[in-house]
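First comes the structure, then the notes that go with it.
For ligands, and for the atoms within them, numbers begin at 1 and follow the listed sequence. Because the structure is predicted, anything quoted here is derived from the model rather than measured.
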Amino acid sequence: MPEPTTFNSQLSTPFKACLFDLDGVIVDTAVYHYKAWKQLANELGFDFTEEQNEHLKGINRIKSLELILGWGGLQKSDAEIQVLATRKNEWYVEMINAMKPDEILAGSRELLEDLRTAGIKIALGSASKNSSIILKKTRLADLFDAIVDGNVVGESKPHPAVFLKGAELLHVNPEECIVFEDAVSGVQAGKAGGMKVVGIGTKEVLKDADLVVSGLHEITIEKLKKL
Ligand code: G6P
Ligand code: MG
């Protein structure tokens with residue numbers, strides 16, 4: 001006799017995995033990146049706007065610095081670039097080392113827990129090389145099945161590598177994944193990878209996202225099923 005069909009929430013979702021960017025999606029470290037880069041630019045004798053800062057989101061450390069130096073009209077050697085990037089990172093690491101679990105953005109922990117309960121796999125997809133410090137300080141590390149960050153993947157968003165690696169580690173196809181991103185470059189990376197993308201921010205900025213919300217507190221599994 002065949003087994004009676006039982007309800008299985010895992011089978012009832014059209015997607016099998018969620019891939020989360022870190023900075024600006026789960027935690028508000030985008031603000032710390034901005035502060036540290038601004039401090040560096042100011043030391044070098046110039047400033048940049050919050051609008052310009054939007055272009056740095058999702059972009060790795062060295063590429064971000066190259067953009068900033070361009071805005072200031074400065075040219076530096078590779079060796080000087082390494083020194084400046086290290087200086088910025090030291091300030092940034094000082095800020096994230098002081099982070100507390102209550103700095104997680106609203107709804108993040110709840111959504112991660114709901115997804116786990118529903119049997120949906122979860123990976124981190126971040127360009128940051130500091131993700132392990134942040135996940136430790138906010139006590140979120142245990143909620144992820146895989147961590148893909150700047151230490152694992154070299155290509156910077158909008159290249160889809162970080163998300164494709166996440167799908168591979170979770171043993172799912174890209175089209176079975178939903179990406180959560182606050183950066184224009186990150187939304188582009190998810191779309192380039194063939195995934196559905198939820199943008200965290202505004203529709204004006206995150207034009208290519210399949211759905212845009214102001215934060216993860218607005219997301220439910222029911223909403224994700226409709227994507
Ligand atoms: C994220 C942020 C970027 C940052 C990058 C590298 O993608 O959105 O602003 O430049 O990570 O971060 P890291 O911690 O390695 O300097
Ligand atoms: Mg981000």
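Within D21, the N/O/S atom positioned nearest the Mg ion (ligand 2) carries the name OD2. Shortest distance from the Mg ion (ligand 2) to D23 is reached at O (N/O/S atoms only). The atom of D182 nearest to the Mg ion (ligand 2) is OD1, with the search restricted to N, O or S atoms.
Cation-pi contact between K88 and Y92: present, with separation from the ring centre below 6.0 Å and deviation from the ring axis of at most 45°.
Residue contacts to the Mg ion (ligand 2): E181 brings no N, O or S atom closer than 2.8 Å.
The N/O atoms of S128, backbone and side chain alike, include one that comes under 3.5 Å of an N/O atom in ligand 1. At a 3.5 angstrom cut-off on N or O pairs, S126 does not count as close to ligand 1. Any N or O atom pair closer than 3.5 Å counts here, and W37 shares no such pair with ligand 1.
Protein heavy atom at the shortest distance from atom 16 (O) of ligand 1 is R61 NE, 2.8 Å. Closest to atom 8 (O) of ligand 1 among all protein heavy atoms lies G58 N, 2.8 Å. If you check which protein heavy atom lies closest to atom 2 (C) of ligand 1, you get D23 OD2, 3.4 Å. Here the protein heavy atom with the shortest distance to atom 5 (C) of ligand 1 is I59 O, 3.4 Å.
Atom NZ of K63 sits in a sparse spot, with 12 or fewer heavy atoms from other residues, nucleotides or ligands closer than 6.0 Å.
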Given side-chain contact (heavy atoms from CB on, under 4.5 Å), test D149 with V162 step by step and report yes or no.
-> CA-CA 7 Å; D149 67 8; V162 71; over 6 Å; no

Does the pair S214 and I200 meet the rule for a side-chain contact (heavy atoms from CB on, under 4.5 Å), with working shown?
-> CA-CA 5 Å; S214 67; I200 309 296; over 6 Å; no

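Heavy-atom contacts of K57 reach the following atoms of ligand 1: 8 (O) (cutoff under 4.0 Å). Close contacts of ligand 1 with L56, meaning ligand atoms under 4.0 Å from a residue heavy atom, involve 3 (C), 9 (O). When each atom of ligand 1 is checked for a heavy atom of K129 under 4.0 Å away, the hits are 13 (P), 14 (O), 15 (O). When each atom of ligand 1 is checked for a heavy atom of Y92 under 4.0 Å away, the hits are 14 (O).
Looking only at distances, no side-chain donor or acceptor of E90 sits under 3.5 Å from a matching main-chain atom of R87.
The pair E66-K76 does not count as a salt bridge, with every side-chain nitrogen at least 4.0 angstrom from each carboxylate oxygen. A salt bridge between K207 and E204 is absent, with no side-chain N of the basic residue lying under 4.0 Å from a carboxylate O of the acidic one. Between K191 and D210 a salt bridge is recorded (basic side-chain N to carboxylate O distance below 4.0 Å). Electrostatic pairing of R109 and E113 counts as a salt bridge here, judged by a charged N lying under 4.0 Å from a carboxylate O.
Using bins of under 30°, 30° to 60° and over 60° for the plane-to-plane angle, the ring pair F48/W71 lands in the tilted bin.
For the pair S64 and ligand 1, a heavy-atom separation below 4.0 Å is found.
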